[in-house]
*Asks:* 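The structure's right below; bear with me while I get my questions together.
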Amino acid sequence: MDAVEAAKSGHPGLPMGAADVATVLFTKFLKYDAADPFWPDRDRFVLSAGHGSMLLYALLYLSGLEGMTVDELKRFRQLDSRTPGHPEHFMTPGVETTTGPLGQGLATAVGMAMAERMLAAEYGDGISSHFTYVLASDGDLMEGISQEAIALAGHLKLNRLVVLFDDNGISIDGPLALADSVDQPKRFEAAGWRAERIDGHDPAAIAAAIERAQASDRPSLIACRTTIGFGAPKKAGTSKAHGEPLGAEELAGAKAAIGWNAAPFEVPEHVLSAWREAGRRGAAERKAWTDRVEALDPASKAEFARRMHRRLPDGLAQAVAELKDGLVAAPQEIATRKASEIALGAITKVMPELILGSADLTPSNNTRVNNPTALAPGSFAGRYIHYGIREHAMAAAMNGMAIHGGYRPAGATFLVFSDYARPAIRIAALGGIPAVYVFTHDSIGLGEDGPTHQPVEHLAALRAMPNLRVFRPADAVETAECWQLALERTDGPTLLALTRQNVPPVRRAASGANLCSQGAYELAPAAGEAHATIFASGSEVSVALEAREILSGKGVAARVVSVPSLELFLAQPEDRKRHLIGAAPVKVAVEAAVRFGWDAVIGPDGIFVGMSGFGASAPYKDLYRHFGITAEGVAKRVLRTHNL
Ligand SMILES: Cc1ncc(C[n+]2csc(CCOP(=O)(O)OP(=O)(O)O)c2C)c(N)n1
């Protein structure tokens, strides 16, 4: 209450309403040790209702987490504080994941619970055995992503996932009844969960329900009936307690109601010491866990540490190098999704932590390689995940697995359906989570499925997202290089946009260096002084090369620059960029997508050969002709502009 008041902004209602639930959980059940918020086998607590962030900060302060001082509480929502408006795991130790966009935390927690069981299947319950608790609000459960997430969790029987639903019947517009009449326990039960309703202000009832949840063979929903803004004389139970400070009068009234006489931000010694003791409860368990890890055989111990620290296996670079040599020696005209499958064939052999999966497009995404076992209900000794047609929960669960530690998730769907996953991709980008998206069918080149399935604006939209790296490799060699770069990255997500259709090999010469690592490189120089530079990505790189040939036949020298990652290229130092863009009078970009973003390379008067609207349904070669994305088309535009 004091912190929200001091910040003159924030949400006091949830912290006040859910304080009883959180207190029982943190002081009696949650396995954690405030001395080490990163202990791998701690219970996870995800505040999915991120707007109630002050609840979490208060809990971390009370538990005695280093760095979470009363001063930080006083700096709630201020620049560079550990107490930002919504919880950010990259800002605040003890915060398990970034939340705020409702529903994300719940779906992320599903991934954490998956990773916990998967690690247990590999290393035993002695190494991985914790619960994942979620505090979710009405808003979390109204969001569509929650349906995807609970269906996945129920199917897999993630029995160590416990959702504490802050069932206060209030959202911003007023009573929930304005817009919702779902029976949440029934909904969860229908998805394979155990569900019950309790009084969320009755500590004994809360404790008993958590005990039942811990013993369940299914994930559990505990609908805790609470009063938002509990204790505030007038605002309690109303949406007025939601998103604004209480105000002096309500604040005084709320404190008086519970006999609280301490000054603002002061916690009486006996209360604080009881909490600090709770914060130390897990110390012995942590020590016992550390001893068990120490007792692992040396190889398992080293491998466990490697994976938890996200260090790549020694064999990865070698595997990619050998693969590239093989591809150059025996060039193949294949789709880049097929090239990705080939790359994964080599990579999965050396990288057991790579967990592939698809949102029900496995045969199209080519993500299932080397015949891995798939996760199944109650069975987690697998390397493959059938997420179902749930792109959004897939991307969020990937975040959870990656943040949990021990796994590098890579999930797949069609590029056009990145829209269905985008909010979770954004969390990965914001939070520096190294997820990999294997998004195939990346342009009109997918052909007959037509414009609903043909991305045109998606590359531009995804490139616009800070800290998301988008790669669109041109052939099998570039695909191998882009996979390597995706896996080498540990500070953010990478998206691979891959073709459905076959593409000719464009990288014919061996190169030890990873030419994709700076986003662009000169693939074919001009014969003599260049009149034109043609930039292209993915499937259009071969179009650019062919155009270069045609132009050469007309006595016009052109060079081709392959741009597997436009934004990575644009982030290079100025002189490198200028050098690669070059001084040719004509600059052309070829990409079967919208122009947006390319002006940074070709300038506003550059020639763009691509799409300006939606695609159409037809065999892909017809579409390329129809939309003028052909070598002849490119050559003609170059010749026309210069009256050559
Ligand atoms: C995806 C998304 N949409 C909208 C919001 C804005 N918002 C924040 S809290 C909230 C609803 C609050 O109701 P509830 O979830 O019941 O939380 P309570 O008021 O009970 O704390 C909304 C719409 C958001 N944070 N995320």
Side-chain angles (χ1 to χ4, degrees), residues 1 3-4 7 9-22 46-59 77 84-88 95 97-109 134-150 163-185 187 197 200-201 221-232 235-246 250 254 391-393 395-396 399 419-428 430-431:
M1 289 187 279
V4 175
S9 126
H11 303 255
L14 182 144
M16 294 164 76
D20 286 322
V21 173
V46 173
L47 180 66
S48 192
H51 59 274
S53 55
M54 189 34 81
L55 173 70
L56 182 50
Y57 302 146
L59 291 164
R77 296 185 150 234
H86 292 84
E88 313 275 14
V95 169
T97 180
T98 292
T99 54
L102 290 164
Q104 288 298 329
L106 171 58
T108 304
V134 181
L135 186 70
S137 66
D138 295 302
D140 284 304
L141 301 194
M142 285 169 87
E143 288 292 351
I145 188 175
S146 74
Q147 183 56 32
E148 297 182 21
I150 70 170
V163 172
L164 299 151
F165 166 31
D166 182 31
D167 181 15
N168 62 22
I170 294 289
S171 64
I172 290 179
D173 279 4
L176 208 64
L178 289 174
D180 195 59
S181 47
V182 171
D183 184 326
Q184 294 293 356
R187 176 166 82 112
R197 289 182 192 278
H201 295 297
L221 172 80
I222 305 172
C224 310
R225 177 44 63 109
T226 62
T227 301
I228 191 168
F230 187 74
K235 291 188 174 177
T238 75
S239 57
K240 286 215 161 312
H242 173 90
E244 59 187 33
L246 290 172
E250 284 288 291
E391 297 84 3
H392 200 177
N399 288 344
D419 289 338
Y420 278 56
R422 191 175 170 100
I425 296 175
R426 190 171 189 275
I427 295 283
L430 171 66

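Both ligands and their constituent atoms are indexed starting at 1 by order of listing. All values derive from a computational prediction rather than experimental measurement.
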*Asks:* What protein heavy atom sits nearest atom 23 (C) of ligand 1, and how far away is it?
*Replies:*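 Atom 23 (C) of ligand 1 sits closest to the protein heavy atom Ile172 CD1, 3.8 Å.
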*Asks:* Can you sort out which atoms of ligand 1 are near Ile170, meaning under 4.0 Å from one of its heavy atoms?
*Replies:*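 By the 4.0 Å cutoff, the relevant atoms are 13 (O), 14 (P), 16 (O), 18 (P), 19 (O), 20 (O).
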*Asks:* Find out whether Ser239 and Ile172 are in side-chain contact, i.e. whether some heavy atom of one side chain is under 4.5 Å from a heavy atom of the other.
*Replies:*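 A side-chain contact is absent here, since even the closest heavy-atom pair is not under 4.5 Å.
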*Asks:* Any non-hydrogen side-chain atom of Leu221 less than 4.5 Å from a side-chain atom of Arg187?
*Replies:*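 When only atoms from C-beta onward are counted, Arg187 and Leu221 do not touch, as no gap falls below 4.5 Å.
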*Asks:* Would you say atom 6 (C) of ligand 1 makes contact with the protein, given that contact here means a non-hydrogen protein atom less than 4.0 Å away?
*Replies:*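 Within 4.0 Å of atom 6 (C) of ligand 1, no protein heavy atoms are found.
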*Asks:* Among His51, Met16, His11, which one has a heavy atom closest to atom 21 (O) of ligand 1?
*Replies:*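 Answer by nearest heavy atom: His51.
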*Asks:* Please check if the side chain of His86 supplies one atom and the backbone of Thr99 the other of a donor-acceptor pair under 3.5 Å.
*Replies:*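 The answer is no, because no donor-acceptor pair under 3.5 Å joins these two groups.
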*Asks:* Could you list which atoms of ligand 1 come closer than 4.0 Å to a heavy atom of Gly139?
*Replies:*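 The atoms of ligand 1 under 4.0 Å from a heavy atom of Gly139 are 14 (P), 15 (O), 16 (O).
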*Asks:* In ligand 1, which numbered atoms sit nearer than 4.0 Å to a non-hydrogen atom of Pro101?
*Replies:*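 Checking each atom against Pro101, I get 26 (N).
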*Asks:* For Ser137, take its heavy atoms, then give the atoms of ligand 1 lying under 4.0 Å from any of them.
*Replies:*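 By the 4.0 Å cutoff, the relevant atoms are 14 (P), 15 (O), 17 (O).
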*Asks:* I'd like to check whether Asp138 has a polar contact with ligand 1, where a contact means an N/O of the residue lying under 3.5 Å from an N/O of the ligand.
*Replies:*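 Yes: some nitrogen or oxygen of Asp138 is under 3.5 Å from one in ligand 1.
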*Asks:* When rounded to the nearest 0.5 angstrom, what distance separates CG in Asp138 from CG in Asp167?
*Replies:*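 Going from the CG atom of Asp138 to the CG atom of Asp167 covers 6.5 Å.
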*Asks:* Flag the pair Leu14 / Leu135 as yes when at least one side-chain heavy-atom distance between them is below 4.5 Å, and no otherwise.
*Replies:*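 SC-SC contact between Leu14 and Leu135 confirmed.
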*Asks:* If you measure from atom 4 (C) of ligand 1 to every heavy atom of Leu176, Leu102, Asp167, which option wins on shortest distance?
*Replies:*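 Nearest option to atom 4 (C) of ligand 1, by heavy atoms: Leu102.
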*Asks:* Between ligand 1 and Gly100, is the shortest N or O to N or O distance under 3.5 Å?
*Replies:*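 By distance alone, the answer is yes.
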*Asks:* Thinking salt bridges, do Lys240 and Glu250 make one under a 4.0 Å N-O criterion?
*Replies:*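 No.
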*Asks:* Starting from atom 12 (C) of ligand 1, locate the nearest protein heavy atom and write down its residue, its atom name and how far away it is, to 0.1 Å.
*Replies:*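 Sorting protein heavy atoms by distance from atom 12 (C) of ligand 1 puts His242 CE1, 3.2 Å first.
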*Asks:* Would a distance-only check, ignoring hydrogens and angles, find a side-chain to backbone donor-acceptor pair under 3.5 Å from Asn399 to Ala424?
*Replies:*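 At least one qualifying donor-acceptor pair exists.
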*Asks:* Identify the two heavy atoms, one from Thr108 and one from Thr97, that lie closest to each other, and give their separation to 0.1 Å.
*Replies:*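 Nearest pair, atom of Thr108 first, then Thr97: CG2-OG1, 3.7 Å.
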*Asks:* Counting heavy atoms only, name the option from Asn168, Asp180, Ile145 that's nearest to atom 20 (O) of ligand 1.
*Replies:*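 The option holding the nearest heavy atom is Asn168.
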*Asks:* Just to verify, what does His392 make a ring pair (Phe, Tyr, Trp, His ring centres under 6.0 Å) with, not counting sequence neighbours?
*Replies:*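 Listed in chain order: nothing, the list is empty.
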*Asks:* Within the 4.0 Å heavy-atom shell around Leu14, which atoms of ligand 1 are there?
*Replies:*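 This gives 21 (O) as the contact atoms.
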*Asks:* Within the 4.0 Å heavy-atom shell around Glu143, which atoms of ligand 1 are there?
*Replies:*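 Answer, ordered by atom number: 1 (C), 2 (C), 3 (N).
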